[in-house]
Visitor: 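Below are the structure tokens for one structure; questions will follow.
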Amino acid sequence: MRISLMIFRPTAVALGIILAGCAGTPPAHYAGIDSTSQLQPNTGQESDRIPFRYSTQVDWKKYTCVIIDPVVIYQGVDNQFAELSVEDRRTLATYMQNQFTEKLRPRFREVASPTPQTLRIKLTLTGAETTTPVLGTFTKFDLAGGPYNIVQSIRGKEGLLNGSVSYAVEIHDASTQRLLNAYVAKQYPNALNVGASFGALSAAEVGIDKGAVELAEMLQ
């Protein structure tokens, strides 16, 4: 009996890992986003993480100012918050506002009213997955999850049982209200990021950090 239990337990863990590896949910084509009708399937290399986007030819360098609207917490029935509490959603929205503002500040001057050189950025928090307590860290090191996470880390893909954040970005010319760029995205920590596996919201916060850096780099 002891031998059979020793065999069963690793098998159960491995099965759970296989199922978890297939459970990653990409961000949806959210029906309640203003730019939904203009968003198209993304065929680029990052399509698994940014499945929908809209873009135009823009000379970002001509924009020197920015208005960042307060982060909206998406209320549509197709949201991807699962069981995340209202309080945790607000916590992430506040963190998102602060991080995106901080990352864009070196590039743009924040203004309250539009000028011809001003971008208006709307951020919508559409979903988040919390880190699975204990298991999220355990799978970084155990014999079944470790190799999987190593491969995922190299590929830049999502790790096992870790959290993530999903959101939408819509960028307008503030003076004309013309939509310049929009996309929905999912961000998550590197699959071997142990620090991001501690705390239910830590992985989502790391994802927000990455998303803020990505947007700042795009607007250079």
Side-chain angles (χ1 to χ4, degrees), residues 27 30 32-40 42 44 46 49-76 79-81 84 86-128 163-189 193 195-196 199 201-220:
Y30 305 107
I33 299 299
D34 291 341
S35 61
T36 291
S37 63
Q38 292 165 280
L39 293 173
Q40 299 296 322
N42 181 14
E46 77 282 12
R49 192 175 51 75
I50 305 178
F52 302 101
R53 78 179 317 150
Y54 168 83
S55 62
T56 60
Q57 288 294 112
V58 183
D59 179 11
W60 299 115
K61 290 183 173 60
K62 76 176 185 179
Y63 292 97
T64 58
C65 301
V66 67
I67 299 171
I68 304 176
D69 292 338
V71 172
V72 175
I73 300 175
Y74 187 64
Q75 302 297 329
N79 75 75
Q80 295 178 306
F81 290 111
L84 195 70
V86 171
E87 182 180 355
D88 284 344
R89 298 180 197 189
R90 290 173 179 164
T91 296
L92 287 179
T94 299
Y95 187 81
M96 187 174 191
Q97 185 79 41
N98 293 337
Q99 291 304 304
F100 275 72
T101 300
E102 177 184 317
K103 296 301 187 296
L104 292 173
R105 188 172 289 136
R107 167 68 174 82
F108 297 98
R109 180 168 64 90
E110 294 175 69
V111 295
S113 57
T115 68
Q117 294 82 37
T118 302
L119 293 176
R120 187 173 211 114
I121 299 177
K122 180 180 179 180
L123 304 169
T124 304
L125 180 66
T126 57
S164 64
V165 65
S166 297
Y167 58 93
V169 176
E170 296 168 291
I171 307 171
H172 291 82
D173 182 300
S175 61
T176 66
Q177 301 303 314
R178 184 169 72 95
L179 182 65
L180 304 175
N181 195 290
Y183 58 91
V184 295
K186 180 177 184 178
Q187 296 278 5
Y188 38 81
N193 187 334
L201 299 180
S202 58
E205 289 175 344
V206 170
I208 288 172
D209 295 341
K210 292 175 67 175
V213 170
E214 183 176 74
L215 177 61
E217 291 177 347
M218 187 188 87
L219 298 179
Q220 289 300 321

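Sequence positions, counted from 1, serve as the residue numbers for this chain.
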Visitor: I'd like to check N181 versus W60 (side-chain heavy atoms, cut-off strictly below 4.5 Å). Are they in contact?
Guide: yes
Visitor: For T36 and F52, what are the C-alpha separation, side-chain angles and deciding distance, and is it a side chain to side chain contact (heavy atoms under 4.5 Å, CB included)?
Guide: CA-CA 9 Å; T36 291; F52 302 101; over 6 Å; no
Visitor: Do you know the tightest heavy-atom contact between A168 and V184?
Guide: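 Heavy atoms of A168 and V184 come nearest at CB-CG1, 3.8 Å.
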Visitor: What closest approach, in Å, do P27 and Q80 show between heavy atoms, and which atom pair accounts for it?
Guide: CA-OE1, 3.2 Å
Visitor: Can any side-chain N or O of N42 pair as donor or acceptor with the backbone N or O of I50 at less than 3.5 Å?
Guide: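 Looks like yes, one N/O pair under 3.5 Å.
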Visitor: To the closest 0.5 Å, what do you measure between CG (L179) and CZ (R120)?
Guide: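 Those atoms lie 13.5 Å apart.
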Visitor: Look only at the side chain of K210 and the backbone of Y188, and say whether a donor-acceptor pair between them is shorter than 3.5 Å.
Guide: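 Yes.
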Visitor: How long is the straight-line distance from OG1 of T64 back to CZ of F108, given to the nearest 0.5 Å?
Guide: 8.5 Å
Visitor: Has the side chain of Q75 got a donor or acceptor atom that lies under 3.5 Å from a matching backbone atom of I73?
Guide: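 Present.
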Visitor: Should S175 and T118 count as side-chain neighbours, where that means a heavy-atom distance under 4.5 Å?
Guide: no
Visitor: Output the distance between atom CZ (R89) and atom CG (N79), rounded to the nearest 0.5 Å.
Guide: 5.5 Å
Visitor: Between E170 (side chain only) and K122 (backbone N and O only), is there a donor and an acceptor less than 3.5 Å apart?
Guide: no
Visitor: To the nearest 0.5 Å, how far apart are OH in Y63 and CD1 in I171?
Guide: 10.5 Å
Visitor: Would you confirm whether S166, through its side chain, and T126, through its main-chain N or O, come within 3.5 Å as a donor-acceptor pair?
Guide: no
Visitor: Answer yes or no: does atom CD of Q177 have more than 12 heavy-atom neighbours from other residues, nucleotides or ligands under 6.0 Å?
Guide: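 Above 12, so yes.
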Visitor: If I take atom OH from residue Y167 and atom OH from residue Y183, how far apart are they, to the nearest 0.5 angstrom?
Guide: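 Rounded to the nearest 0.5 Å, the OH-OH separation comes to 5.0 Å.
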Visitor: Are side-chain heavy atoms of Q187 and R49 found at a separation under 4.5 Å?
Guide: yes
Visitor: For residues V169 and L123, determine if any side-chain heavy atom of one lies less than 4.5 Å from a side-chain heavy atom of the other.
Guide: yes
Visitor: Can you name the closest pair of heavy atoms from F81 and Y74 and give their distance?
Guide: CE1-O, 3.5 Å
Visitor: Might you point out which heavy atoms bring I68 and V66 nearest each other, and give the distance in Å?
Guide: CG1-CG2, 3.9 Å
Visitor: Which atom names give the shortest non-hydrogen contact between I67 and P114, and what distance separates them?
Guide: CD1-N, 3.8 Å
Visitor: Give the intermediate values and the outcome of side chain to side chain contact (heavy atoms under 4.5 Å, CB included) for residues E46 and E214.
Guide: CA-CA 12 Å; E46 77 282 12; E214 183 176 74; 6.0 Å; no
Visitor: Should we count CZ of R107 as having more than 12 external heavy atoms under 6.0 Å?
Guide: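 Buried by this count: over 12 neighbours within 6.0 Å.
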Visitor: For A128 and L92, which heavy atoms make the closest approach, and how far apart are they?
Guide: CB-CD1, 3.6 Å
Visitor: Working to the nearest 0.5 angstrom, can you tell me the gap between T56 OG1 and L180 CG?
Guide: 5.0 Å
Visitor: By salt bridge (charged side-chain N to carboxylate O under 4.0 Å, His left out), which residues pair with E102, not counting sequence neighbours?
Guide: none
Visitor: Between T101 (side chain only) and N98 (backbone N and O only), is there a donor and an acceptor less than 3.5 Å apart?
Guide: no
Visitor: Report yes if the side chains of L39 and Y30 come closer than 4.5 Å at any heavy-atom pair, otherwise no.
Guide: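 Result no, sub-4.5 Å side-chain heavy-atom pair not found.
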